[in-house]
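Counting starts at 1 for both ligands and their atoms, in listed order. What you are looking at is a predicted structure, and each value in this text was computed from that prediction instead of being measured.
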Amino acid sequence: MELLKLTKQGLYCEPGDFYIDPWGKVDTAILTHGHGDHARTGMKNYIAVHESEHILRKRLGAVDLKTYAYGEVFHLGEVTVSLHSAGHILGSAQVRIEYQNEVWVFTGDFKRDLDLTCEPFEVIPCDVFISEATFSLPVYRWPDFRSEMKEVYEWWMKNREEGFNSVLCCYALGKAQRIIAGLRELTDEPIWVHGTVDELNQSYAKTGMTWENVLKVPLEGKEKIHGGLILCPPSALGSTWHKRLTPKKVAFASGWMRIRGNRRRKGYERGFVISDHADWPSLIRTVKETGCRKVYFTHGHTDAIVRFLNEQGVEAHDLKLPYETEGES
Ligand SMILES: [Zn+2]
């Protein structure tokens, strides 16, 4: 039998009677992380890792949420379950399911690159691997994180010299915190953030992360920022909020910035290739390291990677899930 099945509500494990990141209303949902396309309201019970609790409570409210440590083994119905770090954002987890001597692993979203704000990805040996494939084309290869952060810092300093603020658009949960932590290795200068980022920073603070000299851009008032770096979600550019930051240069931090045309089309002056998802080499490497005999890919351009792995003797399939990950990549 298939241990996980695609149903109308989401990916379902029948012998355990639970769903993973469901989109329909169900009784028991294991959540891989707090991004909106994975953590939805309306479930009776939720299961996640300790580290994601504050983020999930902020998104879901006062729900019935049970949390476990990474690697802690628990039982649901007839299956043995454990959650393991996915390296995507704080509290992101892969789900390991064992039933009748077979092991399945679901990654949620994951990456293999350096992130100072969360546990690194753990390779879990398995028979069947279900992987995200947001960036599953050979063109997607990430530069070294620390060198990219150096680029951000130099861009900021150059703009300051020329009398501009530097507005860096990025996803507010995960990406913004990762960038702040990366910049802190280079400078103690104040870093300004939009209110949405500031609120999420508080969730990180609950797990012991300190945010010294990270300041919220006030919504009211006339005081201006000069030569500062400001992190905000792209949606903030559509509001009057950003007008107070002029004169400014605007950049975007995302895996999509690997393609120059994307930056131009979206009208950013600069693009930094910083992604919280696995790039092409990481996807291939990870599939191989798990030793799985079969892999399913969710979202992304799966045709190329399915073909590539099939040619290499790994049975690969496409599993179309109705996720939208573009915004957070
Ligand atoms: Zn995500």
Side-chain angles (χ1 to χ4, degrees), residues 10-11 19-23 29-41 43 46-49 51-60 67 70 83-95 105-122 129-136 140 142 145 169-181 196-197 199-201 203-204 207 231 233-235 252-258 273-280 282-283 286 296-302 319-329:
L11 211 48
Y19 291 77
I20 303 177
D21 294 346
W23 47 87
I30 296 182
L31 298 187
T32 59
H33 63 291
H35 279 145
D37 49 349
H38 293 260
R40 293 179 171 83
T41 54
M43 319 301 160
Y46 292 90
I47 294 168
V49 291
E51 286 83 347
S52 69
E53 182 166 359
H54 292 286
I55 294 167
L56 291 176
R57 290 218 179 274
K58 199 161 269 179
R59 187 178 284 285
L60 304 171
T67 61
Y70 283 124
L83 305 172
H84 302 265
S85 175
H88 174 57
I89 63 166
L90 178 69
S92 62
Q94 307 173 73
V95 186
V105 168
F106 179 83
T107 64
D109 294 337
F110 78 98
K111 73 170 173 291
R112 305 295 300 267
D113 299 78
L114 179 71
D115 188 333
L116 303 161
T117 65
C118 66
E119 297 284 316
F121 180 90
E122 186 187 350
F129 189 53
I130 305 179
S131 169
E132 67 133 321
T134 309
F135 289 104
S136 55
Y140 292 113
W142 309 150
F145 175 68
C169 295
C170 57
Y171 200 70
L173 172 56
K175 186 76 60 73
Q177 292 75 26
R178 185 180 177 210
I179 290 173
I180 296 169
T196 314
V197 175
E199 235 180 82
L200 288 158
N201 282 352
S203 286
Y204 277 67
T207 67
L231 300 184
S235 57
F252 190 34
S254 162
W256 302 112
M257 293 297 104
R258 180 69 183 76
V273 185
I274 303 169
S275 175
D276 287 333
H277 291 264
D279 61 0
W280 171 269
S282 297
L283 286 169
T286 306
Y296 291 97
F297 289 104
T298 62
H299 48 256
H301 307 277
T302 54
L319 183 71
K320 289 250 181 273
L321 297 186
Y323 288 161
E324 283 294 335
T325 56
E326 186 150 346
E328 51 132 309
S329 306

What residues form a side chain to side chain donor-acceptor pair (under 3.5 Å) with Thr67, not counting sequence neighbours?
-> His50
Restricting to N/O/S, name the atom of Asp109 that gets closest to the Zn ion (ligand 1).
-> OD2
Is the side chain of Lys111 donor-acceptor paired with the backbone N or O of His88 at a distance under 3.5 Å, no angle test?
-> yes
All side chain to side chain contact (heavy atoms under 4.5 Å, CB included) counterparts of Leu114, not counting sequence neighbours = Leu116, Phe145, Arg146
Nearest 10° is fine: what angle sits at the Zn ion (ligand 1) between NE2 from His33 and ND1 from His35?
-> 100°
Could you tell me whether the Zn ion (ligand 1) has an N, O or S atom of Asp276 under 2.8 Å away?
-> no
For the pair Phe121 and Phe110, name the ring-plane relationship: parallel under 30°, tilted 30 to 60°, perpendicular over 60°.
-> tilted
Tell me whether His277 has at least one N, O or S atom under 2.8 Å from the Zn ion (ligand 1).
-> no
